[in-house]
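Sequential numbering from 1 along the given sequence is applied to the chain's residues. We use all heavy atoms of the structure for the numbers below, so side chains are in, but hydrogens, waters and symmetry mates are not.
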Amino acid sequence: MDAVLELAASLLSFAHSIFGPGICPGDWVWATSTAGALIALLPVLATVIIALVRKITGNTYNLATLIGFGAVGAFAAFLMPFLLFNGISSVYRGVFNGEPVGFSAAEVRSFMEGHCWVGPQNEYLGGRATGYEVLFHPYETWPMYLLRLGGLVVLPAVCLLFVLLQARAAMRRGPKWPSRLVWIPFALMALLSLPVEANTAAHLWMGFLPISILGLVPVYVIGPPAWSVIQRSYQQPEPSGPPPPQQHPQTQHPQAQHPQSQPYKPPPPQQQIPKYVPPPPVQQKPPPPPVRKPPPYVPPPPVNPTLREPEPDRAALARLAADPGPLPFSPRGATPQAPPIKPSGSRFRRVRALGQGGFGTVWLAVDTQLDRTVAVKMAHAPDAETEERMLREARALAAVHHPNCVRVYDIVSEPDGLGLVMEYIEGQPLADRVTTGGPLDDVAVARLWITMAGALSAAHAKGVLHRDVKPSNIIIDPDGNAHLIDFGIARSKGDSTLTATGMMVGTPDFLASETAAGANATPASDAWQLAATVSYALTGKPPRGTRDNAMAALMAAAKGEPLSELPGRSAHRRLLMASLDGEPARRPTLRTVARELSDWLAREGHTETGPVTQIVRRKDIEAEDRTRPMR
């Protein structure tokens, strides 16, 4: 205890030397507030340490990390402030009782000086009632009692609020519950400081408050951990122990593994007792035992196919940016020859045009053989090489299976070009839904973002890029569910943004800056377009605003002009700004976005599944003009 008193006396002497003017209410009263400001640096130090550690560890909250954060919070937000508050109070009591601890004779004499309404400072700071006595056994007038409440209850509560904000700022881009390891110990310290003299405690809290407010500055300057660190912290460690038995290449299904669980390890084949075979004659050589092959691996169904996304092949995606290449499931080293595209004959009967774009017309048609309604997208292939590339990528897109991604059935030859036969999804484009019904709320947008991120991830895992994600390419069906349509498969070799004929791949208002400047499309550019579409759903405007013509919008995208139409009060603004970053490497992946949105929905008490919008009335769908040009 003597060490605590010596430490408190040294802190008071240091505070008196920093700021202890001999004016009302007195030099030691001012020194007390200065000491409170110095004590307030301890919780700030705790949150700064936690923010710096998270710059390295991200959201990895294992036992060692939690123990470290808890130790820092307990020491800097509870133990040291509690000891110093009570130590300063004990020092002032000793000075009042004639038992000075660690003060010089000149400092002790200065305690006897009186200023204005305070009187002798030794009595004002060490000889009055404690905070507990003042609050629970009031003996003063009501105005004075209200003033005491302000100094002993309101001031600590405001300080607690800003310590909580410091702790939550240190936990940005991650769960906020670890911030309790800082602000709960501080709240306990404030409660246990009631035995301190009322005047001393009030002046300590007066000095504590401004530093607790300014303590937000260094935490925000440090900033949250990078998205790459957060993504790395979610990755599962490599399993230890002996490696699993090898599987036949044709039975491996990497796209079926669950992103939030350990990779599936097939059980080793169980040895079966061979049937009894009578021994052959001695002169005959026994036949070799039959080779038993393990049963083929059947992947378990995904828990939620809307949210779960497979792990893409990064090397395959890099090759796809320049050339889609062979199918992901082609034999290694083989160069498959594209079979000739068969003519459709009279199988598909066109009903009406659904939309027109740069690559042709999308028709509502009837498959006369299977008696089902389909959508046929007509695309022009100017040469055999482009036709082969379109066939390869159409086959890869046909392998994409996701409940919210349009299915591709076939590709046929028509007199006016190649026809991509796709699933017909009845509904209303998201662009029209926002125009007529107004922007979506945060819950609907979170579900939309998760759903479309899952659909895009399923396509990326198959080596297929969309290249034209925009509000008019998301269809809301009559049940309120979103579907991603119109993959931009028609492009020439080496084209990224403009084709040889000057035709644009992608809509300028929803085009990432790197693709607008001529770079190849990547999964990151698809993620940017999806984020721009989400921003449109929240505001009704493209994130860069509207331009007079397509060329002006393309120039604005290529220059990377600032995003002027982001939502102002949405809970997703922070995630949108990160996803719309001009540098592709700094954008969070679709998996990270889905995880962040899933956590937000859980905190808000909502489920991930559910309609994006209200049920679309059929008469609204039928009354819609389905022959307008595709934007």
**Q** Report the distance from atom CG of L575 to atom OG1 of T592, rounding to the nearest 0.5 Å.
**A** 9.0 Å
**Q** Taking it one step at a time, do R547 and L554 satisfy side-chain contact (heavy atoms from CB on, under 4.5 Å)?
**A** CA-CA 9 Å; R547 299 294 189 277; L554 179 63; over 6 Å; no
**Q** Measure across A537 and L448 and return the closest heavy-atom pair with its distance rounded to 0.1 Å.
**A** CB-CD2, 4.2 Å
**Q** So do the side chains of V443 and E604 get within less than 4.5 Å of each other, counting heavy atoms only?
**A** no
**Q** Quick check: does any side chain N or O of S579 sit under 3.5 Å from a backbone N or O of L576, one acting as donor and the other as acceptor?
**A** no
**Q** Can you name the nearest heavy-atom pair linking Q529 to D468, along with the distance?
**A** OE1-N, 3.3 Å
**Q** Taking all atoms of both residues into account, what is the closest heavy-atom pair of P224 and R172, and its distance?
**A** CD-NH2, 3.4 Å
**Q** Do any N or O atoms from the side chain of R173 and from the backbone of P225 form a donor-acceptor pair under 3.5 angstrom?
**A** yes
**Q** Between V229 and R54, is there a side-chain heavy-atom distance shorter than 4.5 Å?
**A** no
**Q** If you define the side chain from C-beta out and look only at heavy atoms, does anything of H466 sit under 4.5 Å from H460?
**A** no
**Q** Work out which heavy atom in S570 is nearest to a heavy atom in D442; give both atom names and the distance.
**A** OG-OD1, 2.8 Å
**Q** Any side-chain heavy atom of V534 sitting closer than 4.5 Å to one from H572?
**A** no
**Q** May I ask you to decide if S535's main-chain N or O and T539's side chain share a donor-acceptor pair within less than 3.5 Å?
**A** yes
**Q** Do S513 and R544 have side-chain heavy atoms sitting under 4.5 Å apart?
**A** yes
**Q** Donor-acceptor check, side chain of N404 to backbone of T451, threshold 3.5 angstrom: yes or no?
**A** no
**Q** Rounded to the nearest 0.5 Å, what separates atom CE in M452 from atom CD1 in I474?
**A** 5.5 Å
**Q** Would you say CG of N549 has more than 12 non-hydrogen atoms from neighbouring residues, nucleotides or ligands within 6.0 angstrom?
**A** yes
**Q** Within the side chain of D526, is there an N or O that forms a donor-acceptor pair under 3.5 Å with the backbone of L456?
**A** no
**Q** Would you call D410 and V374 a side-chain contact if the rule is heavy atoms closer than 4.5 Å?
**A** no
**Q** Supply the atom-to-atom distance Q428 CD to I476 CD1, rounded to the nearest 0.5 angstrom.
**A** 8.0 Å
**Q** Once rounded to the nearest 0.5 Å, what's the spacing between atom CD1 of I450 and atom CH2 of W600?
**A** 9.5 Å
**Q** Tell me, do Y536 and D509 make a side-chain contact under 4.5 Å, heavy atoms counted?
**A** no
**Q** Main chain of T607, side chain of R447: is a donor-acceptor contact present, judged purely on distance under 3.5 Å?
**A** yes
**Q** Which pair of heavy atoms, one from Y424 and one from L354, lies closest together, and at what distance?
**A** CE1-CD1, 3.8 Å
**Q** Looking at L165, is its backbone amide N or carbonyl O close enough to the side chain of R168 to form a donor-acceptor pair, meaning the two atoms are under 3.5 Å apart?
**A** no
**Q** Start with the C-alpha gap between E514 and S525, add the side-chain angles, then the distance that decides, and say whether side-chain contact (heavy atoms from CB on, under 4.5 Å) holds.
**A** CA-CA 8 Å; E514 67 271 14; S525 61; 3.6 Å; yes
**Q** Just by distance, do the side chain of K176 and the backbone of G174 share a donor-acceptor pair under 3.5 Å?
**A** yes
**Q** Can you tell me how far NE2 of H402 sits from CG of L484, rounded to the nearest 0.5 angstrom?
**A** 9.5 Å
**Q** For T373 and V366, indicate whether the former's side chain and the latter's backbone hold a donor-acceptor pair under 3.5 Å.
**A** no
**Q** Give the C-alpha distance, both sets of side-chain angles, the deciding distance and a yes or no for side-chain contact (heavy atoms from CB on, under 4.5 Å) between Y409 and D367.
**A** CA-CA 11 Å; Y409 297 141; D367 187 342; over 6 Å; no
**Q** Take F510 and V469 through the test side-chain contact (heavy atoms from CB on, under 4.5 Å) and record every step on the way to the result.
**A** CA-CA 7 Å; F510 299 93; V469 182; over 6 Å; no
**Q** Examine F348 together with W363 and report whether their ring centres are nearer than 6.0 Å.
**A** no
**Q** For a quick test of reading the model, state the closest non-hydrogen atom pair linking L590 to A527 and the distance between them.
**A** CD2-CB, 3.9 Å
**Q** Taking the side chain as every heavy atom from C-beta outward, state whether P471 and V434 have any pair of such atoms under 4.5 Å apart.
**A** no
**Q** Drop me the distance from R573's CZ to L580's CG, to the nearest 0.5 angstrom.
**A** 10.5 Å
**Q** Please answer whether the main-chain N or O of T60 pairs with a side-chain N or O of T57 as donor and acceptor at a distance below 3.5 Å.
**A** no
